[in-house]
Amino acid sequence: EKSKTTFFSKLSKAVAGKSKVDDDVLDNLEEILVSSDVGVATTLKIIDRIEARVAKDKYLGTEELNKILREEIAGLLAETNVGNETEFTVPKDKKPYVIMVVGVNGVGKTTTIGKLASQFKKQGLKVVLGAGDTFRAAAIDQLQVWADRIGVPIIKQKMGSDPASVAFDTVQSAVNQDADVVIIDTAGRLHNKVNLMNELTKIKRVMQKVIDDAPHEVLLVLDGSTGQNAFEQAKQFTKATEVTSLAVTKLDGTAKGGVVIGISDQFKIPVKYIGVGEQVDDLQVFNKIEFVDSFFK
Amino acid sequence: MFSNLSDKLDKAIHVLKGHGQITEINVAETLKEVRRALLDADVNYKIAKEFTSRVKEKALGQNVLTTLNPGQLLVKIVKDELTELMGGETVGINLKGTPTVILMSGLQGSGKTTFSGKLANYLKTKKSKEVLLVGCDVYRPAAINQLKVVGEQIGVEVYAEEGNQNPVEISENAIKYAKANSKNVVIIDTAGRLAVDETMMTEISNIHKAVNPQETLFVVDSMTGQDAVNTAKAFNDVLNFEGVILTKLDGDTRGGAALSIKSVVDKPIKFIGTGEKMEAIDVFHPDRMAERILGMGDVVSLVERA
Ligand SMILES: Nc1nc2c(ncn2[C@@H]2O[C@H](COP(=O)(O)OP(=O)(O)OP(=O)(O)O)[C@@H](O)[C@H]2O)c(=O)[nH]1
Ligand SMILES: Nc1nc2c(ncn2[C@@H]2O[C@H](COP(=O)(O)OP(=O)(O)OP(=O)(O)O)[C@@H](O)[C@H]2O)c(=O)[nH]1
Ligand SMILES: [Mg+2]
Ligand SMILES: [Mg+2]
C-alpha cells in the first residue's frame, strides 16, 4: 500500500498540468517495473510509450495518467490475450482436447495439472491424465495422488519408461474412453539441454499417431518468481514444442511475475492461468488488469 | 536478453579510450551499461544501483596504468568488487554435534528434497558419514515417497512417520532414532513454503527450535528474479540460517540472485546444484559466480581486444 500511495502521489505532483513526465516519476516507474521482473528492455519500452502518450495528450491529470499507465502496460499483453475470460474452457470441436504441459524443473507443472483437471471435471468434462514424468523420484505417485483426489483416471507406466510411450497410451485410452480432455505431464527439464528438449518434440510427434493435430495446446508453466531467464525458457520451449499458452505459478508469494509481459509481447503467447497456492482451487484464469495492478500494490 | 556484456561495453569503452584518467564524465556511460547488465542478470534493483555507485567511487580519479586503458581498468574494478562481494573463502559444512543436524528450508520447488539427497550422498561417500534423511514434508503429494526413492538410490536410510502430520514431532523422534542407531548426520527435508505464509514460517521456526541444528540451509533456485532479496531476508529473519544453496546452475541463468542474497543477508553460499542426479553437487566458487553474473568470459575477451 505504501509504495502505491507514494508512487501515485508523486505522479500527480509531477504530472498535473505538464506536457512531459518528469525524470523523478520515470525513475520511480522504472524501479517498480524492474522490481516486478519486467526487465530492462520491456521497462524502457513501456516508459517510451508513456512519454509518447503524455506528449501527445497534453495537460493530463493524475487520474488519466494512472489509466494510461495501466493501459500501456496491459497493452503489451493485449495482442495475445483476448483478456476478459473468467471461465476455464476447452474448445468443443476437438475431442479429446489434448493439453501437454511443459516447463523447467519445479515450476509447478504437476500441481497445475491437478488444479486444471479439477476445474474441467467440475464442468462435467471427462478428463484423463498421463504420467509423462517417468524420470523424477515419485513424480508418478505425485500425479496419482492428484488423480485420486479429484477422481479422474490416470495412465501410467513404470518409472524410467519412455515418456512418449506413456503419452501415446494416454491419448489412445482417452479416445477409447470417449474422454473430453487429456492432460499430459512431462518431466521438468532445463531448456539448454538439447537431448531433453528433443525428447519433448518426440513426445509430441508420437501423440500425433493417434490424433493428427494433437497436442492442441502446449502449456508452458513459468514460476512467477523467475527472473529474466524465463525469456530463454519461453524461447527454447517454443522452439521445441510450439508453446501455445502460459501459466504463471506461485503468485501468492511476493514475486510479481512481470517477466511474462515481455514474453507475451515478444512471442505472442497468451497467459492463460495463474497459480495462487498449493490447493486444488488455487488456479485462476489470467486477468491482465488485475495482474498489472499488482505491480503497484 | 542475454546479449553479451561485451557488446554493451564496447561502445562505452570506445568513449573512454584515449583518456588518461577515469573521470565522472567518461565513466557514466560505462557504469550505466554495467548496471543494466546486472539487472539483466536479475541482480536486485537497489543492489545494482548501490553496486555501481560504489564502483564509481573506487574508480574516480584513478590513474590508468600503462598496460590498461580506462575501460579495462573499470572492468577490472567491477570484477574485483563483485568477487569480493560474493564472499572470499569457500565455507564448508559444520559437522560438529552428535549427531550433526542439518535443516533444509526454502520456497516451493527450489530443490530441497533433491539437495537433501545430494548432500547425504556427498557426506556418505566423501566424508564417510552415517546419514539419516528425515521426511518432514507432510503436505506435498508424494513428498515422502520422493525422499524414499532418493534414499534408495544413494543407499541412505530415510526416517518418516506415516500418518503423523506434525513435522516438529517427526523431527524430534528422528533425532532420537539417529542417536539410538549411531547415525552421525541427520538431514531434515521440509515442505516448501512462502515467506509470507505465517503459519508455515512458524512451523519451521518450531522445528528449528526443537532440533537446534548445526546447519540451517536456505535452498534457492538460481533462476529467481527480483524477489530473491525479500525471500532470503524473511527466511533469515526467522531462521538465522548458516548458509545458502544455489540450485539449477546447470541452466543458462546468469544467477544475479546470488549477489542479491549475499548482499542482503551476508551468509555464505556453501554448495551449488548442477543437475538432477545425486552427483550433481559442487562447492561454491565466488570468483566463478562473479564472472557468470557479468558474463566476464566476454569481458576478458573484450579487454584483450581493446
Ligand atoms: N505457493 C504456491 N506453490 C505452488 C504453486 N504451484 C505449485 N506449487 C508448489 O511448487 C512445488 C513444485 O510443484 P510441482 O507441481 O511438483 O512442480 P513441477 O513443475 O511438476 O516439478 P518437476 O516435475 O519436479 O519439474 C510444490 O511444492 C507445489 O505445491 C502455486 O501457485 N503457489
Ligand atoms: N536441472 C536441475 N534440476 C534440479 C536441481 N535441483 C533440483 N532439481 C529439480 O528441481 C525440481 C524440484 O526439486 P525438489 O527437490 O523436488 O524441490 P523441493 O524444494 O523439494 O520442492 P517442494 O518440496 O515441492 O518445495 C525437481 O525436478 C528436481 O529434479 C539442479 O541443480 N539442477
Ligand atoms: Mg512434476
Ligand atoms: Mg521437497
Side-chain angles (χ1 to χ4, degrees), chain A residues 30-41 43 104-108 110-111 114 135-146 148-149 159 187-193 223-233 235-236 249-250 252-259 262 266 277-278, chain B residues 1-2 35-37 39-46 48-49 107-111 113-114 117 139-153 191-197 220-231 234 247-248 250-257 275-276:
Chain A
E30 178 191 86
E31 175 169 358
I32 288 169
L33 294 175
V34 171
S35 299
S36 305
D37 289 316
V38 170
V40 178
T43 295
V104 299
N105 308 81
V107 289
T110 307
T111 308
F135 178 75
R136 210 210 63 216
I140 300 168
D141 300 340
Q142 185 187 0
L143 192 68
Q144 179 75 61
V145 171
W146 278 104
D148 294 345
R149 226 181 235 182
M159 186 175 170
R189 67 200 72 219
L190 293 176
H191 51 279
N192 58 340
K193 310 241 160 116
D223 183 324
S225 61
T226 305
Q228 300 308 300
N229 191 250
F231 255 101
E232 210 53 31
Q233 294 172 22
K235 189 169 162 195
Q236 299 306 333
T249 61
K250 310 184 192 176
D252 44 330
T254 40
K256 304 291 189 197
V259 67
Q266 190 170 329
E278 300 186 76
Chain B
M1 245 10 243
F2 294 93
R35 180 165 159 262
R36 175 156 181 181
L39 293 177
D40 282 344
D42 294 319
V43 174
N44 176 267
Y45 185 86
K46 289 203 176 80
K49 216 169 190 172
L107 295 181
Q108 286 93 346
S110 57
T113 306
T114 307
Y139 309 100
R140 171 173 166 173
I144 305 284
N145 267 355
Q146 184 187 357
L147 193 66
K148 282 183 177 165
V149 172
V150 163
E152 220 161 85
Q153 282 172 357
R193 64 201 72 222
L194 294 170
V196 288
D197 187 335
V220 60
D221 184 327
S222 60
M223 293 175 277
T224 309
Q226 296 286 320
D227 191 49
V229 287
N230 303 328
T231 311
T247 63
K248 309 181 196 174
D250 45 325
D252 58 4
T253 182
R254 286 276 197 229
E276 296 191 71

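- Contact record, A:R149 with B:Y139: NH2-O, 4.5 Å, taken as the closest heavy-atom pair.
- Rounding to the nearest 0.5 Å gives a distance of 7.0 Å between CG of A:D223 and OG1 of B:T224.
- Of the atoms belonging to B:R35, it is side-chain heavy atoms, and not backbone ones, that fall under 4.5 Å from chain A.
- A donor-acceptor contact shorter than 3.5 Å links the side chain of A:N192 to the backbone of B:D250.
- Note: A:D141 leads A:V259, A:I140, A:D141 in heavy-atom pairs under 4.5 Å with chain B.
- Looking at B:N230, only its side chain comes within 4.5 Å of chain A, counting heavy atoms on both sides.
- Interface residue A:E30: backbone and side-chain heavy atoms are both found under 4.5 Å from chain B.
- Looking at B:E152, neither its backbone nor its side chain comes within 4.5 Å of chain A, counting heavy atoms on both sides.
- Contact count versus chain B (heavy atoms, under 4.5 Å) is highest, among A:G114, A:A137, A:G106, for A:A137.
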Inset, instruction - Apply the test side-chain contact (heavy atoms from CB on, under 4.5 Å) to residues B:T253 and A:E232: give CA-CA distance (whole Å), side-chain angles for both, the deciding distance (0.1 Å), then the verdict. - result: CA-CA 9 Å; B:T253 182; A:E232 210 53 31; over 6 Å; no
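- Interface remark: A:K193 contributes side-chain atoms only to the contact with chain B (heavy atom separation under 4.5 Å).
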Legend entry - Pair A:R189-B:E276, side-chain contact (heavy atoms from CB on, under 4.5 Å): steps then yes or no: CA-CA 9 Å; A:R189 67 200 72 219; B:E276 296 191 71; 5.6 Å; no
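- In this structure, chain A has heavy atoms under 4.5 Å from both the backbone and the side chain of B:Q108.
- Interface remark: A:E278 contributes side-chain atoms only to the contact with chain B (heavy atom separation under 4.5 Å).
- With chain A as partner, the option from B:K49, B:R140, B:K148 having the largest number of non-hydrogen pairs under 4.5 angstrom is B:R140.
- Between chain A and the options B:A234, B:S222, B:A142, B:P141, the largest number of non-hydrogen pairs under 4.5 Å is found for B:P141.
- B:K46 touches chain A through its side chain: at least one heavy atom from C-beta onward sits under 4.5 Å away, while N, CA, C and O do not.
- Put simply, CG on B:L39 and CG on A:D37 are 10.5 Å apart, with the number rounded to the nearest 0.5 Å.
- Rounded to the nearest 0.5 Å, atoms CG (A:L190) and CG (B:D252) are 8.0 Å apart.
- Put simply, of A:V104, A:N105, A:V145, the one with the most heavy-atom pairs under 4.5 Å next to chain B is A:N105.
- A:T254 and B:D227 share a side-chain donor-acceptor pair at under 3.5 Å.
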